Amino acid sequence: TVARVCPPNSKAYGKTLTEWMGIYWQWYYGTGGDMTQGKVGPVQLMPLPNGTQTGGSWAWDDPAVLVGQLEITLPPGTPFVLPQYSWVRERYEPGTGKPDDPPLSDEVALASGHPTLTIDGRPIITDANKAAFYVPATDFDPNVVYPAPNPDSHAMAAISYQGVAFLSPPLTPGIHVIHLYEPLIFEPGAYDGLPDGLGLIYDTTWIVTVKPK
């Protein structure tokens, strides 16, 4: 039996979904997603597998397909946080001449992602209910300064986050399969930061082993 997802408007394990998502991305960008630093009380921040591009050109009408899989073992009784998709605005190194990423409207952010998230084959989050799990644009306080600037983009810090995520109560002992199929499509003109648009599809699987009690 799969545990139900915590209601998105609840203060599960002491924090709102917006707070959990902020904590998640602070951890992800501040530590590179180091699982050894990804425990907040009893709650595990679920790491993200590296995706391998198997097709597509990143164009809005020819999305890049990124396939990833991760095996993870959790102690019994471990709730976890897992984002489906998010948009993080960044700040760039001085001297690059690049301004902060422009704001992305909540309307466009919500309309651009189309998650199908299942646990053991059971649909958890889809287009039908994603709005309930959407976290609106929220500033980091303080900004999350990266351990080192991105060598390609010269991004040096994350300044805000938004997107769809959930908090799950503990899964039952045994092996569980979490799967996310997620087109993220920005058509040209939808977002000032991507004038030509952008297309990618996440096809991600987590094999989660929960130890016996």
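None of these values were measured; they are calculated from a predicted model.
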Under 3.5 Å, is there a donor-acceptor pair between the side chain of E19 and the main chain of T16?
yes
Indicate, with yes or no, if the rings of Y161 and F140 have centres closer together than 6.0 Å.
yes
Verify, without hydrogens or angle tests, whether Q44 (side chain) and G38 (backbone) share a donor-acceptor contact under 3.5 angstrom.
yes
To the nearest 0.5 Å, what is the distance between CD1 on I124 and OG on S168?
7.5 Å
Evaluate side-chain hydrogen bond (donor to acceptor under 3.5 Å, both in side chains) for E71 paired with W206, printing each intermediate quantity in order.
CA-CA 6 Å; E71 296 186 9; W206 292 260; over 6 Å; no
Would you say that more than 12 heavy atoms from the other residues, nucleotides or ligands in this model lie under 6.0 Å from the NZ of K98, or not?
yes
Spell out, as yes or no, whether a donor-acceptor pair under 3.5 Å connects the side chain of E182 to the backbone of H114.
yes
If two hydrophobic side chains count as joined below 4.5 Å and joins carry through other members, does M21 share a cluster with W27?
yes
Between L48 and Y24, does a side-chain contact (heavy atoms from CB on, under 4.5 Å) hold up when you go through it step by step?
CA-CA 11 Å; L48 303 178; Y24 185 96; 3.3 Å; yes
For P188 and D196 the tightest heavy-atom approach is CG-O, 3.6 Å
Please confirm whether the backbone N or O of T126 pairs with a side-chain atom of N129, one donor and one acceptor, at under 3.5 Å?
yes
Check against side-chain contact (heavy atoms from CB on, under 4.5 Å), I207 and Q69:
CA-CA 8 Å; I207 309 295; Q69 181 169 307; 3.9 Å; yes
Atom OH of residue position Y13 - does it have more than 12 heavy atoms of other residues, nucleotides or ligands inside 6.0 Å?
yes
State plainly whether one hydrophobic cluster holds both V108 and I159, where clusters connect Ile, Leu, Val, Met, Phe, Trp and Tyr through side-chain heavy atoms under 4.5 angstrom apart.
no
Just checking F80 against W20, ring centres under 6.0 Å apart?
no
Test your reading of the model: is there a side-chain donor-acceptor pair from S10 to the backbone of P7, 3.5 Å cut-off?
yes
dist F133:CZ -> N9:CG (nearest 0.5 Å) comes out at 9.0 Å
Calculate, to the nearest 0.5 Å, the distance between atoms NZ and OG1 belonging to K213 and T172 respectively.
9.0 Å
List the steps and the verdict of side-chain contact (heavy atoms from CB on, under 4.5 Å) for L171 and L74.
CA-CA 9 Å; L171 299 174; L74 297 178; 5.7 Å; no
Do the non-hydrogen side-chain atoms of P79 and P169 ever get within less than 4.5 Å of each other?
no
Steps toward side-chain contact (heavy atoms from CB on, under 4.5 Å) verdict (K211, T73):
CA-CA 7 Å; K211 292 180 178 178; T73 299; 3.6 Å; yes
Does Q84 offer a backbone N or O that forms a donor-acceptor pair with the side chain of K130 under 3.5 Å?
no
Measure from the side-chain N and O atoms of Q162 to the backbone N and O of L104, and report whether any donor-acceptor pair falls under 3.5 Å.
yes
Would you check if V177 and I119 make a side-chain contact, meaning some heavy-atom pair closer than 4.5 Å?
no
Nearest 0.5 angstrom please: Y92 OH to S153 OG, how far?
5.5 Å
For the side chain of T138 and the backbone of P136, is there at least one donor-acceptor N/O pair under 3.5 Å apart?
yes
N150 side chain to D152 main-chain N or O, any donor-acceptor pair under 3.5 Å?
yes
Beyond-backbone contact of P115 with Y202, side-chain heavy atoms, under 4.5 angstrom
no
Are I185 and L180 connected in a single hydrophobic cluster, I mean Ile/Leu/Val/Met/Phe/Trp/Tyr linked by side-chain heavy atoms less than 4.5 Å apart?
no
Can you tell me how far CZ of F166 sits from CE of M46, rounded to the nearest 0.5 angstrom?
7.5 Å
CD (Q26) and OH (Y28) are apart, to the nearest 0.5 Å, by 15.0 Å
For this output row, return yes or no: ring centroids of Y146 and Y29 closer than 6.0 angstrom.
yes
Qualifying residues under salt bridge (charged side-chain N to carboxylate O under 4.0 Å, His left out), relative to D100, sequence neighbours excluded:
R91
Answer yes if L82 and I23 sit in the same cluster of Ile, Leu, Val, Met, Phe, Trp and Tyr residues linked by side chain heavy atoms under 4.5 Å apart, and no otherwise.
yes
Applying side-chain hydrogen bond (donor to acceptor under 3.5 Å, both in side chains) to D62 and S57, what does each step give before you reach the verdict?
CA-CA 6 Å; D62 182 31; S57 64; 2.9 Å; yes
Would you say L66 and W60 are hydrophobically clustered, going by side-chain heavy atoms of ILVMFWY under 4.5 Å?
no
Of all the heavy-atom pairs spanning V88 and D101, show the shortest one and how long it is.
O-OD2, 4.1 Å
For the pair Y85 (side chain) and A109 (backbone), establish whether a donor and an acceptor sit closer than 3.5 Å, ignoring hydrogens and angles.
yes
